Student: 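First, the structure itself, so that you have it in front of you.
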Amino acid sequence: MESGEPLRQSRHRTRTSSGGWFEHAVIRAGIPSITPRGLRHTAAGLAVSARANVKAVQRMLAHKSAAMTLDMYADLFDDDLEAVATALDRARADVLALKTRSD
């Protein structure tokens, strides 16, 4: 297989082989056990953490709507709520500082 080519599931298994190509790839990579679904969830989580556009994440995951993406991964946005609270607090402090200066 050339670098960058997609992995294809083998249609032929030997009697001595156990597990599929994905399981063997995980073992060869030396990473903890993970499923394709877990890998998909990790990719979505990394995209959310990187503040990727929700529409881009929607397309990456082939969801029908951004609302579906947000519903499935809303728990990954908890840090964003803290950032919003911090920004609002900073804006309030700035308004109070301007008001104090003008008085």
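Values below: all heavy atoms of this structure, side chains included; hydrogens, waters and symmetry mates excluded. Remember, it's a predicted structure, so these values are computed and weren't measured experimentally.
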Student: How long is the gap from NE2 on His63 to CE on Met72, to the nearest 0.5 Å?
Tutor: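 Rounded to the nearest 0.5 Å, the NE2-CE separation comes to 4.5 Å.
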Student: To the nearest 0.5 Å, what is the distance between CZ (Arg59) and OG1 (Thr69)?
Tutor: 12.0 Å
Student: At what distance, to the nearest 0.5 angstrom, does CD of Glu23 lie from OG1 of Thr35?
Tutor: 12.0 Å
Student: Considering all heavy atoms of both residues, which atom of Val26 and which atom of Ser33 are nearest to each other, and what is their separation?
Tutor: CG1-CA, 4.2 Å
Student: Measuring from Phe22:CZ to Ile27:CD1, what's the distance to the nearest 0.5 Å?
Tutor: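 Answer for the CZ-CD1 pair, Phe22 versus Ile27, is 11.0 Å.
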Student: Taking C-beta and beyond as the side chain, do Arg92 and Leu96 meet within less than 4.5 Å on heavy atoms?
Tutor: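 Arg92 reaches Leu96 side chain to side chain.
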Student: Evaluate the side-chain proximity of Val57 to Leu61: yes if any heavy-atom separation is below 4.5 Å, no if none is.
Tutor: yes
Student: Rounded at 0.5 Å granularity, tell me how far CZ in Arg40 sits from CD1 in Ile34.
Tutor: 13.0 Å
Student: Roughly how far apart are Ile31 CD1 and Leu39 CG, rounded to 0.5 Å?
Tutor: 7.0 Å
Student: Who pairs with Arg37 by side-chain hydrogen bond (donor to acceptor under 3.5 Å, both in side chains), at least two apart in sequence or on another chain?
Tutor: none
Student: Between Lys55 and Ala66, what is the shortest heavy-atom contact and its length?
Tutor: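 Shortest heavy-atom separation between Lys55 and Ala66 comes out as CD-CB, 3.7 Å.
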